[in-house]
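Structure first, then comments.
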2 protein chains.
Amino acid sequence: MNDTKKSVVKRRKSADIRKDNLQLILTVAEQRFAEYGYNGTTISSIAEQANLPKSNILYYFKTKEVLYKEVLSQILKIWMVDMEEMTAEQHPKEALRHYILLKIRQSKDHSNASRIFASELLHGAPFLRDKLQTDLKIQFISTCQVIREWIAKQWMNPISPEHLLFMIWSSTQAYADYGLQSSILMGKAELDDDDFETGAELITQIVLRGCGIKQL
Amino acid sequence: MNDTKKSVVKRRKSADIRKDNLQLILTVAEQRFAEYGYNGTTISSIAEQANLPKSNILYYFKTKEVLYKEVLSQILKIWMVDMEEMTAEQHPKEALRHYILLKIRQSKDHSNASRIFASELLHGAPFLRDKLQTDLKIQFISTCQVIREWIAKQWMNPISPEHLLFMIWSSTQAYADYGLQSSILMGKAELDDDDFETGAELITQIVLRGCGIKQL
DNA sequence: CAACTACCTGACCACGAAGTCAACAAGTTA
DNA sequence: TAACTTGTTGACTTCGTGGTCAGGTAGTTG
């Protein structure tokens, strides 16, 4: 038993080494980029936190920019995936409630990714612009259409789907972006599970009522 | 006429020179910091855009950090000022509507300041933490109290004042922070006045209805 | 086990950015 | 106008950072 484990640890296959190191570097890089932004993050600091020499980072990722883009590329997927679930057949009561919950969870569980995404947008999305214009836009238009159908079915009041989505995005996203501010104002070290839950519940209530969606 | 103007231009008093240059530098710096963040902004680039030699910037602001803090110090004030207007005597219908409108206007008219503020929070508020813990927190608590009194008077449903404020902040703030994303998704170069107005109206409607505040 | 490939890393380089400085110019004041 | 303060600037220094490279070691494969 012990032997097997030891040999596994000591003699790793090249493929494993590669996989592990890539993963490690990406994880650490995500943390640093979220905390300090692209320009505020040095390769050395990533190396240090990953316990690898700087050259090793550069061995796996030719440049800092390549590494950053790699980190980013996962993020948009995460960010978009929940939106697909909403369909015109569902009742907005369930669909929106569910979506808001997922979004808040994302802010909690993928806080770093969320913050990198936010920072990217804040500074003009230099690396993400193309993807926004294509992938996200398609999804956005389609989801707006879903909301329009809900309105047509009189399941909710006639309001701008675009601005409604912006409102849901920003208020859920805030639990990642401004979590620190919130916790400071509420006098705690950081937001706890209850805060995320209360937030989700409040946003859901306000959005549903606000859109004139019957609740029972 | 021409003479007077010329002499004014040619022979400026020291005090004026100082005031003008400080203002110019601060304005340009705000733009750059908003666009590229603290680390992404170089003194040279500020100098270039202000049409001044780099040394001249350093003459007025000893270090980059001093300059940045100076820019920041104005921002929190701007950010807080509108909150003070809400009082327990006002009806939330008017008070919240007014507040949301002001906040959206702020996102439009002080977009750079808003974005710097957001970026600062996103990265852990290294320079702003103290002020948050004191000034903003006091105002925050007091405004939460106002909302609690509205609830006591049954002018609105019982909901968490803290999370309600977070929601209003984030959804209005978004028109500055994520204005670019929004415009891309809506297929325009940038948000126009109508978008800001529609946004303000939608947020107001949803918040008022969502809080169970009678409208008429 | 030999030849090969993939992984690893310290030493090094080039560059750009923050900040200093000394000399000068322009306004101020007695 | 002389002495002084305030503003202006290019040349320079220092330092951190991204990125290269050559020479290694560890796994792989015939």
Side-chain angles (χ1 to χ4, degrees), chain A residues 3-26 28-29 31-33 35-72 123 126-127, chain B residues 4-29 31-33 35-72 123 126-127:
Chain A
D3 274 357
T4 352
K5 270 200 177 173
K6 260 191 183 170
S7 74
V8 169
V9 171
K10 282 209 160 180
R11 297 194 148 213
R12 290 188 303 168
K13 287 191 217 156
S14 273
D16 291 341
I17 294 177
R18 187 168 196 86
K19 218 184 106 204
D20 292 353
N21 278 342
L22 285 175
Q23 192 49 56
L24 172 64
I25 295 170
L26 284 171
V28 172
Q31 281 171 32
R32 307 297 298 194
F33 284 133
E35 184 96 22
Y36 301 103
Y38 178 77
N39 289 298
T41 300
T42 66
I43 300 184
S44 315
S45 78
I46 296 173
E48 197 179 351
Q49 189 160 330
N51 258 318
L52 293 172
K54 191 184 70 169
S55 307
N56 209 359
I57 312 278
L58 271 317
Y59 170 70
Y60 285 104
F61 299 92
K62 282 274 165 278
T63 68
K64 183 180 168 185
E65 192 175 315
V66 166
L67 172 55
Y68 182 68
K69 280 184 178 164
E70 199 59 42
V71 171
L72 263 190
H123 299 123
F127 296 118
Chain B
T4 353
K5 272 199 178 174
K6 261 190 184 170
S7 73
V8 168
V9 170
K10 282 209 162 183
R11 295 194 150 211
R12 291 187 303 168
K13 286 190 216 157
S14 273
D16 290 341
I17 293 177
R18 184 166 200 87
K19 218 184 105 205
D20 291 354
N21 278 343
L22 284 176
Q23 192 50 55
L24 172 63
I25 294 169
L26 284 171
T27 305
V28 172
Q31 281 170 33
R32 306 299 296 195
F33 283 133
E35 184 96 23
Y36 302 102
Y38 178 76
N39 289 298
T41 301
T42 67
I43 300 184
S44 315
S45 78
I46 296 173
E48 196 180 352
Q49 188 161 332
N51 258 319
L52 293 172
K54 191 185 70 169
S55 307
N56 209 358
I57 311 277
L58 273 316
Y59 169 72
Y60 286 102
F61 299 91
K62 282 273 166 278
T63 68
K64 183 180 167 184
E65 191 174 317
V66 167
L67 172 55
Y68 182 67
K69 281 184 177 160
E70 199 58 45
V71 171
L72 263 188
H123 300 121
F127 296 118

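Chain naming here is simple, since letters A, B, ... match the order of the sequence lines and numbering starts at 1 in each.
In this view, B:Lys69 and B:Glu65 satisfy the side chain to side chain donor-acceptor pair (under 3.5 Å) rule, not counting sequence neighbours. Residues forming a side-chain contact (heavy atoms from CB on, under 4.5 Å) with B:Ile43 (at least two apart in sequence, or on another chain): B:Lys54, B:Ile57, B:Leu58, B:Lys64. Taking A:Tyr36 as the reference, nothing meets the side chain to side chain donor-acceptor pair (under 3.5 Å) condition, with sequence neighbours excluded. B:Phe61 meets the ring-ring contact (aromatic ring centres under 6.0 Å, His included) test with no other residue; sequence neighbours excluded. In terms of the salt bridge (charged side-chain N to carboxylate O under 4.0 Å, His left out) criterion, residue partners of A:Asp20 (sequence neighbours excluded) are, by chain and number, A:Arg12. A search for side chain to side chain donor-acceptor pair (under 3.5 Å) contacts involving B:Tyr60 returns B:Asn21, not counting sequence neighbours. With sequence neighbours excluded, no residue forms a ring-ring contact (aromatic ring centres under 6.0 Å, His included) with B:Tyr59. Scored by the side-chain contact (heavy atoms from CB on, under 4.5 Å) test, A:Glu35 finds A:Arg115 as partners (sequence neighbours excluded). With sequence neighbours left out, B:Thr27 forms a side chain to side chain donor-acceptor pair (under 3.5 Å) with B:Gln23.
Distance CG (A:Asp20) to P (D:dG27): 13 Å, rounded to an integer number of Å. Rounded to whole Å, the distance from CZ on A:Phe61 to C1' on D:dT20 is 19 Å. For the pair A:Leu58 CG and D:dT17 P, the computed distance is 14 Å after rounding to whole Å. Per the geometry, OH belonging to A:Tyr60 stands 12 Å off P belonging to C:dA6, to the nearest Å. Computed from coordinates, the A:Lys62 NZ to D:dG18 C1' distance equals 14 Å when rounded to whole Å.
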What nitrogen or oxygen pairs link the protein and nucleotides 3-5 of chain C at under 3.5 Å?
none

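Nearest-nucleotide mapping onto DNA chain C: of B:Thr63 and B:Ala15, the residue sitting toward the 5' end is B:Thr63.
Under the 3.5 Å distance criterion, the side-chain polar atoms of B:Ser45 are left unmatched by any main-chain donor or acceptor of B:Thr41.
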message = Each nucleotide in nucleotides 9-14 of chain D should get exactly one letter: B, S or -. Can you fill that in based on protein heavy atoms under 4.0 Å?
response = BBB---

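Interface residues of residues 37-46 of chain B facing DNA chain D, ordered by number: none; criterion, heavy-atom separation under 4.0 Å.
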